[in-house]
Amino acid sequence: MQLVLTEDQELLAKTARDFVAEKSPVARMRALRDSNDATGFSKALWKEMAELGWVGIPFAEIHGGAEMGMAELAVVMEALGRTLAPEPFLSTVLLAGQTLALGGSEALQAEWTPKIVEGDAIVALASDEARSRWNLCHVETRADAEGDGYRLTGEKIQVLDGHVADLLLVSARTSGAVDDAAGVTIFAVRPDAAGVTIVRQNRIDSRNAALVRLDGVEVAAADVIGAVGEGAPILEAAAARATVGLCAEMVGSMQEAFDRTLDYMRQRKQFEVPIGSFQALKHRAAREFIAIELSRTAVMAAARAIDAADDEAAALVSLAKAQCSEAAILVANESVQMHGGIGVRRARHRLLPEARPCRRAEPRGRCLPPAALGGVPGLLMQQPRARE
Amino acid sequence: MSDLDSFRSDVAAWLETNAPESLRGRGASALEGVWGGKKWVYANPDAKLWLERCVEQGYTAPTWPKEYGGGGLSAAEAKALGQEMGKLRVPPPLIGFGLTMIGPTLLQYGTEEQKLEHLPKICRGEIRWCQGYSEPGSGSDLASVQTRAVRDGDDFIINGHKVWTSYADEADWIFALVRTDPEAKKQEGITFLLIDMASPGVSIAPIKLISGSSPFCETTFDDVRVPVKNVISKINAGWTVAKALLGHERTMIADAFGGGASGTSKKRKGLSDLARDYLGGDGEVADPLLRDEVAHMEMDTRAFLLTLQRTRDAAKAGHQPGAETSFFKIHGTELNMRRSELMVRLAGPQGLGWEGDGFDEDELARTRDWLRSRGNSIEGGTSEIQLNIIAKHVLGLPD
């Protein structure tokens with residue numbers, strides 16, 4: 001594992017940074033949010049990102065993807081995180097996209113992946129429930145066998161981009177108790193199927209989400225992702241990749257908040273001197289710098305470990321999540337504090353609420369035996385520091 | 001097979017033949033092992049043999065040029081050598097401030113004559129060096145050094161007092177900051193000087209620390225005569241040299257302390273094993289709160305080690321390492337302090353021993369390590385100074 005960007009990755013990073021700077025300032029996300037835009041992101045921009053090849057990064061070449069890895073995707077997502085671009089990477093490329101890529105039948109992949117890669121289909125993963133707290137195996141939604149297929153009943157919360165999804169991937173229980181890993185099955189559900197109700201939700205981070213209610217929704221056996229009752233490991237693997245993507249976004253947004261705060265510290269004068277000359281603030285800024293650098297490392301390591309199918313990948317993903325979550329909170333809070341009063345004005349705020357609450361440990365299920373951290377065999381890290 | 005692969009297999013074969021059996025499987029941190037010098041006493045004769053064999057190959061300073069006693073290896077070859085030695089868990093043949101601090105500084109600032117005079121002796125472990133920086137009145141404000149050097153023909157006459165001179169009592173030479181121009185702005189009147197500790201007028205007294213012992217000394221210079229040719233760089237230009245050396249020192253300290261499990265003594269247990277020993281638990285540590293702290297500690301250590309690796313990987317890819325070396329010092333030492341504190345806490349009442357019955361050797365050592373580690377955030381530039389350096393040189397915040 002080499003913790004350094006290749007020339008191609010450097011180029012990708014530069015392209016992404018330039019693209020974001022030109023086409024996706026943070027004002028764009030704010031305008032979408034404040035106007036209660038029905039889509040919540042730009043479909044035209046999403047199409048452009050697809051044309052640049054970003055959407056297809058982790059998908060198989062036979063379905064039109066680039067068959068690259070998390071290392072490349074992380075580079076793009078870090079750039080997008082800088083200005084909180086609301087386009088559906090986390091949902092369509094990672095959470096749902098990877099669930100489909102890891103467990104979907106040939107037929108389902110052949111039908112959906114090319115459309116995803118082209119930027120023509122949004123897919124969303126409906127896994128979380130009111131009482132699941134990011135435990136991907138806590139599934140109360142039922143899938144009752146009926147004839148050749150199933151009937152789904154339950155409610156899924158905060159389904160990212162569920163309000164505009166062309167396909168929903170829904171976890172439901174075909175057997176077992178509520179927290180069992182065995183018995184979780186993933187189904188591909190058309191959002192226009194009878195019995196599906198989708199209600200838009202508003203979150204503090206302005207990420208687009210929806211409630212998805214399933215009232216006896218009929219699903220064919222052919223629409224099962226992976227094997228019946230064996231969906232949990234697929235969800236876990238997709239969630240691990242999504243976690244790395246999320247962490248990369250966090251690195252981008254914390255770096256941006258930090259850079260803006262440093263600018264402010266150089267310019268803002270009190271007592272006739274720049275506030276950045278005060279040692280009390282300098283030292284805190286230096287601490288933030290350390291936290292950001294450690295976060296950047298952890299994301300690079302986790303991404304590369306997943307790409308190499310390294311035994312330590314699960315531990316390194318947890319490390320990245322823990323490190324980035326703490327650092328993002330630190331940087332966001334310090335940014336607000338160092339901006340003083342304007343740091344808490346909603347009209348101008350650009351730091352905290354939009355720094356995307358990072359404790360929402362979105363894709364963070366932990367029901368399978370958690371991986372021991374390297375060198376600490378037996379030390380089980382149930383939800384290592386990523387809990388809320 | 002690439003050149004590097006064939007180098008690696010040659011090295012592996014050489015090690016197989018030459019690394020003494022009694023040293024294998026021992027490992028060692030950067031602060032343990034053979035420091036060399038005229039006063040060095042070998043506890044294990046194989047350590048002497050191991051040093052001599054490595055000196056012959058230039059492996060004590062693998063990347064230094066051969067004409068100065070180094071191995072002339074590329075960074076990639078040196079890394080391969082380190083990895084192959086790591087596989088056998090043999091300690092480095094030689095350690096110390098010659099190799100890590102004054103050596104790299106001489107390579108950068110020394111004259112050809114100075115390099116030829118000092119570097120081969122460092123590589124061979126013949127001369128042990130210590131550092132004469134801090135003074136009673138010059139801690140964090142290092143540039144305020146008062147030790148005077150007055151020109152007298154081809155010599156300087158040195159008078160003054162240095163503190164915290166690590167291992168001065170065992171060293172043969174000292175590299176020191178002395179004031180040659182008391183009228184100039186404080187950074188501009190300093191000269192970097194090499195002094196033979198055997199010179200008449202040098203006296204040394206050890207300092208005792210809260211851990212009960214220490215490598216530190218006070219060193220006094222009383223009309224000590226030093227040839228002007230021992231000046232590194234130019235007279236009154238010592239501050240630049242001093243700062244370059246501090247960069248090497250920070251890297252050395254970070255490597256030594258930041259390693260967590262790898263930086264601790266060979267026979268001591270890791271955190272999770274200790275936690276299970278003292279707190280019970282089959283597989284996982286019984287106390288959930290301490291288990292969480294152990295996990296936290298291990299994760300933070302891992303993130304730091306990966307960051308050290310990232311800097312090395314970036315350097316290999318041709319990127320310049322930046323001022324993040326000061327982040328390595330502060331973060332590495334803080335991790336070490338937290339780790340040693342946690343180790344004592346895990347031991348519960350067994351962490352309270354000072355000496356005598358009822359405490360085993362490791363317990364006593366851990367408690368003393370914890371006390372000793374309190375100095376980590378002070379020595380080599382306090383944590384506060386490190387934060388200042390980051391704020392100024394990395395973040396560009398105004399003075």
Side-chain angles (χ1 to χ4, degrees), chain A residues 1-7 10 258-259 261-263 265-267 273-279 281-291 293-298 300-302 312 315-316 318-324 326-327 372-385 387, chain B residues 260-262 270-273 275-276 281-285 288 291-319 322-324 326-328 330-331 334 383-399:
Chain A
M1 184 160 68
Q2 290 285 315
L3 296 179
V4 64
L5 296 186
T6 63
E7 273 180 36
E10 294 268 18
F258 187 54
D259 289 348
T261 305
L262 288 175
D263 279 346
M265 292 170 75
R266 291 184 201 108
Q267 285 155 23
V273 294
I275 60 170
S277 65
F278 298 136
Q279 203 173 39
L281 298 189
K282 278 185 185 173
H283 284 193
R284 282 159 58 179
R287 296 271 178 200
E288 291 180 71
F289 165 76
I290 295 171
E293 288 305 309
L294 292 169
S295 302
R296 191 181 300 287
T297 301
M300 290 178 86
E312 288 203 291
L316 289 170
S318 286
L319 178 65
K321 183 64 175 68
Q323 175 62 41
C324 291
E326 287 194 353
L373 190 69
V376 197
L379 180 80
L380 297 186
M381 296 194 305
Q382 204 85 20
Q383 296 196 341
R385 287 164 63 198
R387 35 167 206 235
Chain B
S262 63
L271 271 182
S272 54
D273 286 335
R276 275 187 289 266
D282 181 20
E284 65 177 42
V285 176
R291 182 169 77 230
D292 195 61
E293 282 197 54
V294 169
H296 205 136
M297 188 67 232
E298 295 291 18
M299 293 173 91
D300 289 350
T301 303
R302 189 72 193 276
F304 180 58
L305 292 176
L306 286 166
T307 303
L308 293 177
Q309 186 196 329
R310 173 156 74 94
T311 304
R312 280 195 300 271
D313 289 349
K316 266 187 291 170
H319 304 288
E324 69 266 10
S326 44
F327 141 43
F328 291 167
I330 181 173
H331 199 65
E334 286 182 353
S383 292
E384 289 72 22
I385 289 291
Q386 306 306 327
L387 293 171
N388 284 348
I389 292 172
I390 294 171
K392 180 170 179 174
H393 295 289
V394 184
L395 306 181
L397 290 172
D399 280 328

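Letters A, B, ... are given to chains in the order of the sequence lines, protein chains preceding strands, and every chain is numbered from 1.
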Has A/Lys282 got a side-chain atom pairing as donor or acceptor with B/Pro398's backbone, closer than 3.5 angstrom?
yes
Determine whether a donor-acceptor pair (N or O, by modelled atom type, separation under 3.5 Å) exists between the side chain of B/Gln309 and the backbone of A/Met1.
yes
Just how far is it from atom CZ of A/Arg296 to atom CD of A/Gln323, taken to the nearest 0.5 Å?
12.0 Å
Taking A/Ala301's backbone N and O only, do any of them form a donor-acceptor pair with B/Arg310's side chain (distance below 3.5 Å, no angle check)?
no
What part of A/Phe278 lies closer than 4.5 angstrom to a heavy atom of chain B: side chain, backbone, both or neither?
neither
Quick check on B/Asp273 against chain A: is it the side chain, the backbone, both or neither that has a heavy atom closer than 4.5 Å?
neither
If you tally heavy-atom pairs under 4.5 Å against chain A, which of B/Ala275, B/Ser383, B/Pro288, B/Ala391 wins?
B/Ala391
Selection from A/Ala298, A/Ala286, A/Ala320 maximising heavy-atom pairs under 4.5 Å formed with chain B
A/Ala286
